Amino acid sequence: MSDQLSAPVGLLRAAYTAFNARDIDTALATMAPDVVWPKAFKGGFARGHEEVRAYWTEQWSEIDPRVEPTSFHPEAANQVLVHVHQIVRDMTGAVIADVSVGHRFTIESGLIRAMDVCPLSPSASGA
């Protein structure tokens, strides 16, 4: 892995680990204070740490998502596309989604500035 990609990958791995552990403070520490985060579960965007905290707290009271990065792909100078495997369970443990999607991150000054959810091409998702 190139040095140019290793720092962003380390940052993103830490963010996913914290998210899956439900460690909001550690996850937010990987993000710029004015981060723009998609509300994939509800629609729209959360802006800033407090809105992301509120969104995740609400989300985790209704569903149990786990998101595992499977590969990292540098794009523009400050963007990385992450292929992820996402399993979402309801609060009884039943699987309600098992999909591969893309997360496109914008990273500035060593922090996540924004994230977007995007579909993967059929070849990228293993279809």
Side-chain angles (χ1 to χ4, degrees):
M1 181 179 316
S2 73
D3 288 343
Q4 183 180 358
L5 189 57
S6 63
V9 167
L11 175 75
L12 296 171
R13 285 191 188 283
Y16 282 110
T17 297
F19 177 87
N20 286 330
R22 307 299 184 248
D23 183 349
I24 293 176
D25 290 332
T26 298
L28 290 175
T30 67
M31 299 176 191
D34 59 347
V35 65
V36 177
W37 196 264
K39 292 180 168 184
F41 178 55
K42 297 285 185 177
F45 290 87
R47 299 183 192 294
H49 285 190
E50 290 313 306
E51 286 187 18
V52 172
R53 180 187 302 278
Y55 168 62
W56 282 348
T57 299
E58 177 185 13
Q59 178 186 43
W60 295 336
S61 74
E62 299 178 31
I63 59 172
D64 180 22
R66 293 205 45 94
V67 185
E68 298 292 340
T70 59
S71 61
F72 298 84
H73 307 273
E75 293 187 326
N78 63 342
Q79 289 190 321
V80 177
L81 175 65
V82 182
H83 294 193
V84 299
H85 180 218
Q86 175 176 291
I87 298 176
V88 180
R89 298 177 187 277
D90 67 17
M91 298 314 288
T92 68
V95 174
I96 56 176
D98 184 344
V99 296
S100 293
V101 298
H103 289 169
R104 180 171 287 113
F105 290 90
T106 301
I107 298 173
E108 295 175 356
S109 301
L111 294 172
I112 298 167
R113 173 70 184 87
M115 192 269 270
D116 288 303
V117 178
C118 51
L120 297 176
S121 67
S123 62
S125 63

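What you see is a predicted model; the values in this text were computed from it and never measured. Position 1 is the first residue of the sequence, and the numbers go up from there.
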With sequence neighbours excluded, what pairs up with K39 under the side chain to side chain contact (heavy atoms under 4.5 Å, CB included) test?
K42, A46, Y55
Establish whether L81 and V35 are linked, either directly or via other cluster members, by ILVMFWY side-chain heavy-atom contacts under 4.5 Å.
no
Tracing side-chain contacts under 4.5 Å among Ile, Leu, Val, Met, Phe, Trp and Tyr outward from V36 reaches F45
Side-chain donor-acceptor contacts of residues 15-24 below 3.5 Å, not counting sequence neighbours, with atom names and distances?
unit_1: Y16; atom_1: OH; unit_2: H103; atom_2: ND1; d: 2.7
unit_1: T17; atom_1: OG1; unit_2: R13; atom_2: O; d: 3.0
unit_1: N20; atom_1: OD1; unit_2: V67; atom_2: N; d: 2.9
unit_1: N20; atom_1: ND2; unit_2: Y16; atom_2: O; d: 3.4
unit_1: N20; atom_1: ND2; unit_2: V67; atom_2: O; d: 2.8
unit_1: N20; atom_1: ND2; unit_2: E68; atom_2: OE2; d: 3.3
unit_1: R22; atom_1: NH1; unit_2: F19; atom_2: O; d: 2.9
unit_1: R22; atom_1: NH1; unit_2: P65; atom_2: O; d: 3.2
unit_1: R22; atom_1: NH2; unit_2: D64; atom_2: OD1; d: 2.6
unit_1: R22; atom_1: NH2; unit_2: P65; atom_2: O; d: 2.5
unit_1: D23; atom_1: OD1; unit_2: T26; atom_2: N; d: 3.2
unit_1: D23; atom_1: OD1; unit_2: T26; atom_2: OG1; d: 3.2
unit_1: D23; atom_1: OD2; unit_2: T26; atom_2: OG1; d: 2.8

If you look at every heavy atom in P38 and V117, which pair is closest and at what distance?
CG-CG2, 4.0 Å
Rounding to 0.5 Å, atoms CD1 (I112) and CD1 (I107) come to a distance of 6.0 Å
List for me each residue that meets salt bridge (charged side-chain N to carboxylate O under 4.0 Å, His left out) alongside E51, sequence neighbours excluded, and say none if there are none.
none
Heavy atoms of V82 and P69 approach each other most closely as CG1-CB, 3.7 Å
In Å, rounded to the nearest 0.5 Å, how long is the span from CG of L111 to CG of L28?
11.0 Å
Is there a path of hydrophobic side-chain contacts, each under 4.5 Å between heavy atoms, that joins I63 and V52?
yes
Separation between CZ (R104) and CD (Q79), nearest 0.5 Å, reads 6.0 Å
Atom of P8, atom of V80 and distance for their closest heavy-atom approach:
CB-CG2, 4.1 Å
Kindly state each residue pair satisfying side chain to side chain donor-acceptor pair (under 3.5 Å) with at least one member in residues 29-38, sequence neighbours excluded.
none
Over all atoms of both residues, closest heavy-atom pair of R53 and T57:
O-OG1, 2.8 Å
How long is the straight-line distance from CE of M31 back to CZ of F105, given to the nearest 0.5 Å?
7.5 Å
Donor-acceptor pairs are to be reported for all side-chain atoms of residues 85-97 against protein atoms at under 3.5 Å, with residues two or more places apart or in another chain.
unit_1: H85; atom_1: NE2; unit_2: D98; atom_2: OD1; d: 2.5
unit_1: R89; atom_1: NH1; unit_2: G93; atom_2: O; d: 3.1
unit_1: D90; atom_1: OD1; unit_2: T92; atom_2: N; d: 2.9
unit_1: D90; atom_1: OD1; unit_2: T92; atom_2: OG1; d: 2.6
unit_1: D90; atom_1: OD1; unit_2: G93; atom_2: N; d: 3.1
unit_1: D90; atom_1: OD1; unit_2: A94; atom_2: N; d: 3.0
unit_1: D90; atom_1: OD2; unit_2: T92; atom_2: OG1; d: 3.4

